[in-house]
Amino acid sequence: MKTLPTNAALLIVDLQKAIDDPRWNRIGPRNNPQAEANVAELLAAWRRMGWPIVHIRHDSTEPDSTYRPGGPGHAFKEEAMPLPTEMVIGKRVNSAFIGTGLDEWLRERGIGTLVVAGVITNNSVETTVRMAGNLGYDVRLVADACFTFARLDRSGRLRTAEEVHDLSLANMDGEYATVVETAEVLE
């Protein structure tokens, strides 16, 4: 953590119980089974240092969504449970910056560096990271503290969760973020 400014914010995206619903695995299993444990390690380190933590919560407006408010999946996963003193920001679309006040909250506190973890790598994580990069934030995306699921590509070919994850990381690395591992962040 010595390479991070002392006000680097940990941004945890959509790590809610909704992601454990079997519908997400219908094409194939997820990658990074250790992602939640890595998020817990990052949270513990940020809490020890007293650095800012922001939990992004997806508040879906879709009636059948696993992320729907009031449904069992809306709650945060145990490994990512916010403390009362930590910021929780609800969002209704995939980017944590759209309609949420996140950018203003960060800028009011002089936060210019974001360390991002969460789900889904190629959806809300990627959209949030791309916007953060475009807004001028120094973003560190923690690859092993994120995960995704297998998908079919446009030609119907199965792409494993690891392939989807790796391609998403490749899209972001060097342009919108620096991709890192949990161990690198915690050094």
Side-chain angles (χ1 to χ4, degrees), residues 10-43 54-81 90-98 114-134 139-186:
L10 178 61
L11 187 67
I12 302 171
V13 179
D14 297 354
L15 202 51
Q16 295 160 253
K17 292 180 180 181
I19 205 66
D20 292 334
D21 188 286
R23 288 180 271 180
W24 292 103
N25 284 322
R26 70 184 179 279
I27 301 200
R30 65 176 263 194
N31 68 319
N32 280 350
Q34 77 290 352
E36 289 92 339
N38 290 335
V39 167
E41 282 189 59
L42 292 166
L43 268 171
V54 182
H55 300 264
I56 303 300
R57 183 190 64 228
H58 191 68
D59 298 333
S60 179
T61 58
E62 299 296 321
D64 294 332
S65 173
T66 61
Y67 281 96
R68 186 184 76 259
H74 192 250
F76 287 102
K77 294 188 80 166
E78 292 304 317
E79 301 89 345
M81 192 63 66
K91 67 178 182 62
R92 293 191 173 162
V93 297
N94 42 19
S95 174
F97 287 96
I98 302 289
L114 304 178
V115 177
V116 180
V119 295
I120 295 175
T121 311
N122 56 300
N123 191 314
S124 293
V125 170
E126 185 166 347
T127 306
T128 297
V129 165
R130 285 174 178 263
M131 285 199 73
N134 283 330
V139 182
R140 318 293 169 87
L141 176 55
V142 190
D144 61 349
C146 299
F147 65 89
T148 191
F149 298 89
R151 291 186 54 97
L152 297 176
D153 69 16
R154 290 180 43 90
S155 67
R157 183 175 167 199
L158 177 66
R159 301 297 179 161
T160 67
E162 196 59 40
E163 290 173 322
V164 174
H165 181 77
D166 288 345
L167 188 54
S168 184
L169 296 177
N171 288 337
M172 293 180 277
D173 194 27
E175 185 167 357
Y176 303 99
T178 300
V179 175
V180 296
E181 301 291 324
T182 300
E184 292 174 73
V185 175
L186 297 177

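Heavy atoms only: backbone and side chains are in, while hydrogens, waters and symmetry mates are out. Keep in mind it's a predicted model, so treat the numbers as computed, not measured.
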Arg30 charged N/C atom sitting above Phe147 aromatic ring, 6.0 Å / 45°: yes
Minimum side-chain heavy-atom gap Leu186-Leu42 below 4.5 Å: yes
Residues Thr178, Val139; criterion side-chain contact (heavy atoms from CB on, under 4.5 Å); working and verdict: CA-CA 6 Å; Thr178 300; Val139 182; over 6 Å; no
Option passing side chain to side chain contact (heavy atoms under 4.5 Å, CB included) with Ile19 (candidates Thr66, Val119, Asp14): Val119
Audit row: Asn122, His165, side-chain contact (heavy atoms from CB on, under 4.5 Å) steps and yes/no: CA-CA 7 Å; Asn122 56 300; His165 181 77; over 6 Å; no
Closest non-hydrogen atom pair, Trp24 against Ala18: NE1-O, 3.1 Å
Atom pair NZ (Lys17) and CZ (Phe76), whose distance is rounded to the nearest 0.5 Å: 11.5 Å
Side-chain (Asn32) to main-chain (Ala35) donor-acceptor, under 3.5 angstrom: no
Heavy atoms from other residues, nucleotides or ligands near CZ of Arg151 exceed 12 (cutoff 6.0 Å): no
Minimal non-hydrogen separation, Ala117 against Ala145, with atom names: CB-O, 3.4 Å
Backbone N/O of Tyr176 and side chain of Asn134: donor-acceptor pair under 3.5 Å: no
Exam field: side chain Thr127 to backbone Asn123, donor-acceptor pair closer than 3.5 Å: yes
Of Ile56, Leu43, Val54, the residue whose pairing with Ile12 passes side chain to side chain contact (heavy atoms under 4.5 Å, CB included): Leu43
Considering all heavy atoms, the nearest Pro69-Ser60 contact: CD-O, 3.2 Å
Value rounded to 0.5 Å, distance of CG in Leu15 from CE in Met81: 10.0 Å
Stepwise side-chain contact (heavy atoms from CB on, under 4.5 Å) test for Leu167 and Glu163: CA-CA 6 Å; Leu167 188 54; Glu163 290 173 322; over 6 Å; no
Side-chain donor-acceptor pair present, Thr121, Thr148, cut-off under 3.5 Å: no
Working for salt bridge (Lys or Arg N to Asp or Glu O under 4.0 Å), residues Lys77 and Glu36: CA-CA 8 Å; Lys77 294 188 80 166; Glu36 289 92 339; 2.7 Å; yes
Salt-bridge present (Arg92, Asp59; N to O < 4.0 Å): no
Backbone of Met172 reached by a side-chain donor or acceptor of Glu175 within 3.5 Å: no
Trace of the side-chain contact (heavy atoms from CB on, under 4.5 Å) decision for Asn171 with Arg130: CA-CA 9 Å; Asn171 288 337; Arg130 285 174 178 263; 3.5 Å; yes
Non-hydrogen side-chain atoms of Val125 and Ile120 separated by less than 4.5 Å: no
The single option from Val115, Val116, Val180 passing side chain to side chain contact (heavy atoms under 4.5 Å, CB included) against Leu141: Val116
Atom of Arg68, atom of Pro63 and distance for their closest heavy-atom approach: NH1-O, 3.2 Å
Distance-only polar pair, side chains of Glu41 and Thr182, donor-acceptor under 3.5 Å: no
Aromatic ring proximity His74/Tyr67, centre distance under 6.0 Å: no
Modelled atom types, side-chain donor and acceptor of Thr128 and Lys91, under 3.5 Å: no
For Asn38 against Asp144, the heavy-atom pair lying closest together: ND2-O, 2.7 Å
